[in-house]
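Working notes, structure below.
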Amino acid sequence: NAGVTQTPKFRILKIGQSMTLQCTQDMNHNYMYWYRQDPGMGLKLIYYSVGAGITDKGEVPNGYNVSRSTTEDFPLRLELAAPSQTSVYFCASNTRRVVGELFFGEGSRLTVL
Amino acid sequence: KNEVEQSPQNLTAQEGEFITINCSYSVGISALHWLQQHPGGGIVSLFMLSSGKKKHGRLIATINIQEKHSSLHITASHPRDSAVYICAVHLNTGTASKLTFGTGTRLQVTL
């Protein structure tokens with residue numbers, strides 16, 4: 001029972017580089033989310049998706065892009081990495097928009113130097 | 001002011017103690033989550049509740065909608081309970097984006 005799987009777990013990027021954080025869930029959940037967690041702050045929503053082909057911006061979308069071509073996959077793309085994007089990133093999913101148990105991935109720690 | 005406030009920020013307890021972590025929020029909500037995050041690890045959902053009380057093993061979560069307050073209790077605490085506990089609320093806008101998180105309570109349980 002894999003749940004939500006994120007890769008990579010750790011990555012160091014140079015300023016200006018690009019990368020994609022992968023997120024896959026095997027629970028057939030419609031709703032998927034990308035959050036970032038900064039020290040001393042609550043998780044902030046970057047992007048979310050309510051189903052394949054549908055995505056929308058969260059609170060802090062600048063510098064990121066997403067796609068949702070399948071129900072299972074929700075990759076997060078960083079185009080031109082900046083030090084402000086140093087953070088821990090979490091992918092999550094749930095079945096229902098408002099009231100539904102949240103399932104999180106293990107997190108991806110990204111450092112931009 | 002944050003929409004979700006947790007207290008205390010840090011908590012140290014001895015094994016066996018009864019622990020309470022509080023969460024207050026400032027606007028109407030549809031549901032509230034309690035989450036657990038171990039050091040260097042992922043985040044696990046403990047409870048989701050919209051009224052009353054839920055219990056799972058040594059963990060109890062309560063919510064008072066009128067007072068906009070929730071508590072997470074741990075009975076007979078154990079070192080393996082050491083983690084960050086996060087409160088998150090679904091605001092009453094009804095959109096997927098409106099899940100607001102507290103900054104977490106760091107719990108350390110010692111022998």
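Below, each value reflects all heavy atoms present in this structure, side chains not excepted, and no hydrogens, waters or symmetry copies.
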Per-residue contact mode, Gln37(A) against chain B (heavy atom under 4.5 angstrom)
side chain

Any donor-acceptor pair under 3.5 Å from Gln6(A) side chain to Gly107(A) backbone
yes

Residue Ile43(B) versus chain A: region with a heavy atom under 4.5 Å
both

Would you indicate whether Gln9(B), at its atom CD, is surrounded by more than 12 heavy atoms from other residues, nucleotides or ligands within a distance under 6.0 Å?
no

If you round to the nearest 0.5 Å, how far is CZ of Phe104(A) from CD of Gln36(B)?
12.5 Å

Portion of Gln37(B) that has a non-hydrogen atom of chain A nearer than 4.5 angstrom
side chain

Under a 3.5 Å distance rule, please check whether Ser82(B) uses its side chain to pair with a backbone N or O of Val109(B) as donor and acceptor.
yes

